[in-house]
Amino acid sequence: MARKFWLMKCEPDAYTIDDLARDKTTSWEGVRNYQARNFMRDDMQVGDGVLFYASNADPSGVTGLAEIVQDGYPDHTAWTKGHHYFDKASTREKPVWYMVDIGFVERFPGVVPLETLKSTTGLEQMKVVQKGSRLSVQPVTKAEFDIVVRLGRKKR
DNA sequence: GCCAACGTTGGC
DNA sequence: GCCAACGTTGGC
């Protein structure tokens, strides 16, 4: 199976590429959207590339790269009563929510702002540039991934 | 902080 | 199964 590519969003208040650089790996718990869950549960594989995207940031954009180091497994935070991510619909026997683990790869010298993504040829189809797109885990093509990496590594 | 767009829920 | 109401996301 060929390597696939993804974009994963996170608000800087919750987690940043610098946190990931420090932690080396982290579990991506708390996703409570079925489409995003399906990608993590069914499609992500160890070694897949990840664009790390900071949402609700100043400016929002891609701040670095990560990779999948553990593919989909049940999100246990959904089982913990009182936990922020608790969901009574999810049980150990029949988990509803899944997560993956990602590992640090690279921190870009500067953020690649959403505005740049929007104005770059070849990225028109990316979900993140489309108005009203709220999907926090989304597939990207290899071509899109490579363009964003090139933008991210560019000296500015 | 505002608010438009979205996904989910629940009454019918 | 429709759709209004609601809560959340996320750019600005």
Side-chain angles (χ1 to χ4, degrees), chain A residues 4-21 23 26-44 48-68 72-102 104-141 143-145 147-154 156:
Chain A
K4 292 190 287 291
F5 301 91
W6 308 94
L7 180 145
M8 297 172 83
K9 292 181 190 173
C10 190
E11 301 200 9
D13 283 353
Y15 207 75
T16 67
I17 192 72
D18 290 323
D19 293 329
L20 186 58
D23 296 342
T26 193
S27 56
W28 208 255
E29 77 271 7
V31 172
R32 295 293 179 267
N33 169 281
Y34 289 106
Q35 244 187 306
R37 177 210 61 185
N38 292 346
F39 289 133
M40 294 200 295
R41 186 189 60 186
D42 304 332
D43 299 323
M44 284 185 172
D48 284 359
V50 175
L51 298 173
F52 192 101
Y53 182 90
S55 60
N56 258 319
D58 188 21
S60 295
V62 179
T63 55
L65 303 178
E67 66 178 350
I68 306 300
Y73 62 102
D75 183 345
H76 54 75
T77 65
W79 302 333
T80 310
K81 265 215 174 84
H83 194 286
H84 181 64
Y85 294 130
F86 175 71
D87 180 357
K88 64 175 171 13
S90 189
T91 65
R92 280 164 216 277
E93 293 70 34
K94 287 196 147 191
V96 175
W97 302 115
Y98 283 72
M99 59 186 176
V100 297
D101 292 349
I102 65 171
F104 176 75
V105 172
E106 178 176 334
R107 182 192 192 284
F108 288 155
V111 59
V112 181
L114 178 60
E115 193 180 346
T116 302
L117 299 178
K118 283 180 175 170
S119 63
T120 300
T121 304
L123 302 182
E124 298 87 352
Q125 301 303 315
M126 283 184 82
K127 290 195 177 51
V128 74
V129 307
Q130 274 145 41
K131 189 180 177 184
S133 165
R134 288 169 38 175
L135 193 56
S136 64
V137 174
Q138 46 182 267
V140 301
T141 66
E144 290 162 348
F145 186 88
I147 291 171
V148 176
V149 169
R150 187 163 44 75
L151 291 170
R153 288 176 179 164
K154 199 183 287 181
R156 59 197 70 227

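Order of the sequence lines sets the chain letters (A, B, ...), proteins ahead of strands, with each chain counted from 1. All values below come from the heavy atoms of this structure, side chains included, with hydrogens, waters and symmetry mates left out.
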Looking at A:R37 and A:D75, does any basic side-chain N land under 4.0 Å from a carboxylate oxygen?
no
When the distance from CZ of A:R32 to P of B:dG7 is rounded to whole Å, what number comes out?
18 Å
To the nearest angstrom, the CZ-P distance between A:R37 and B:dT8 comes to 10 Å
Taking CG from A:D58 and P from C:dG11, how many angstroms apart are they, rounded to a whole number?
12 Å
Just by distance, do the side chain of A:S60 and the backbone of A:L114 share a donor-acceptor pair under 3.5 Å?
no
note: A:K127, atom NZ; C:dT9, atom C1'; distance rounded to Å ~ 17 Å
Side-chain N or O of A:S60 versus OP1/OP2 of C:dG10: is the shortest distance under 4.0 Å?
no
Where each residue is assigned the nucleotide of DNA chain B containing its nearest heavy atom, which of A:Q35 and A:N56 is assigned the position nearer the 5′ end?
A:N56
Can you tell me the distance, in whole Å, between the CG atom of A:L114 and the P atom of C:dT9?
18 Å
To the nearest angstrom, how far is A:Q130 atom CD from C:dG11 atom P?
13 Å
Within the pair A:K131 and B:dA5, is there a side-chain N or O less than 4.0 Å away from OP1 or OP2?
yes
Within the pair A:Y53 and C:dT9, is there a side-chain N or O less than 4.0 Å away from OP1 or OP2?
no
When you check the side-chain N and O atoms of A:Y98 and A:D42, is any donor under 3.5 Å from an acceptor?
no
Protein-nucleotide distance (A:L135, atom CG; B:dT8, atom P), rounded to Å
10 Å
For a side chain to side chain contact (heavy atoms under 4.5 Å, CB included) check, start with the C-alpha distance between A:W97 and A:Y34, then their side-chain angles and the critical distance, and finish with the verdict.
CA-CA 8 Å; A:W97 302 115; A:Y34 289 106; 3.6 Å; yes
d(CH2, A:W97; P, B:dT8) in whole Å
7 Å
